[in-house]
Amino acid sequence: MRLTKKRADNGKYYLSGLAEVSNSYHEGYGRIQVGCAVEKLAEYEDLEEQGKLLKLPCANWMEIVFGNQEVFWGIDMDYIENPIREISVDGSERMTWYDGWKTVVLKGADENGLDWEFSPEEFGKTVFLTKEEAEAALKEMSE
């Protein structure tokens, strides 16, 4: 059941059945806060209708994707002799966020003690779940 509706006359969203309350609840700044909350709710409802809103079964989506894996494999082309690095990710501080909580990265260190930070988008490109996957990607890069 959708909680918001869009007005035909001005394109703004309002709470279904509560338009009078939400539009007259507070004057000034409070009214702006209510309006922003209604707009945000409408955005989430639009995403849900488009099939783009996902409810995860736990709070930490990284645990769903990677489980308890603490060793990853990265390709570092600066090491010409052996560019495949074993990356150990500390389970307690394995994630960090950037850009106002919009970008998440995993952080760890390789066997040389060098820090690594990598985003989920890098998996299958420069970071891998197994050494065999990293070796196959490196071989493909070399060809």
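Start at 1 with the first residue, then count along the sequence. Every heavy atom of this structure was used, including side-chain atoms; hydrogens, water molecules and symmetry mates were not.
- With a 4.5 Å cut-off on side-chain heavy atoms, Phe128 and Ile75 count as touching.
- Crowding of Tyr44 atom OH: a count of heavy atoms from other residues, nucleotides or ligands under 6.0 Å not exceeding 12.
- Using a 4.5 Å cut-off on side-chain heavy atoms (C-beta onward), Phe72 and Phe118 make contact.
- Listed here is the closest heavy atom pair of Thr4 and Val38: CG2-O, 4.0 Å.
- One distance of note links OH of Tyr79 with CG of Asp110; it measures 6.0 Å at 0.5 Å rounding.
- Remark: Glu70 CD to Ile87 CD1 distance equals 13.5 Å, nearest 0.5 Å.
- No donor-acceptor pair closer than 3.5 Å links the side chain of Asn112 to the backbone N or O of Leu114.
- Exactly one residue among Lys5, Lys40, Lys6, Arg2 makes a salt bridge (charged side-chain N to carboxylate O under 4.0 Å, His left out) with Asp46. That residue is Arg2.
- The hydrophobic clustering, which links ILVMFWY residues whose side-chain heavy atoms are closer than 4.5 Å, places Leu129 and Val89 together.
- Here the shortest heavy-atom pairing between Glu45 and Leu3 reads OE2-N, 2.6 Å.
- The side-chain contact (heavy atoms from CB on, under 4.5 Å) test applied to Thr126 returns Glu122, not counting sequence neighbours.
- In this structure, the separation between NZ on Lys131 and CD1 on Ile84 is 6.5 Å, given to the nearest 0.5 Å.
- Glu49 CD: more than 12 foreign heavy atoms inside a 6.0 Å radius.
- Between Trp73 and Glu86 there is a side-chain heavy-atom pair separated by less than 4.5 Å.
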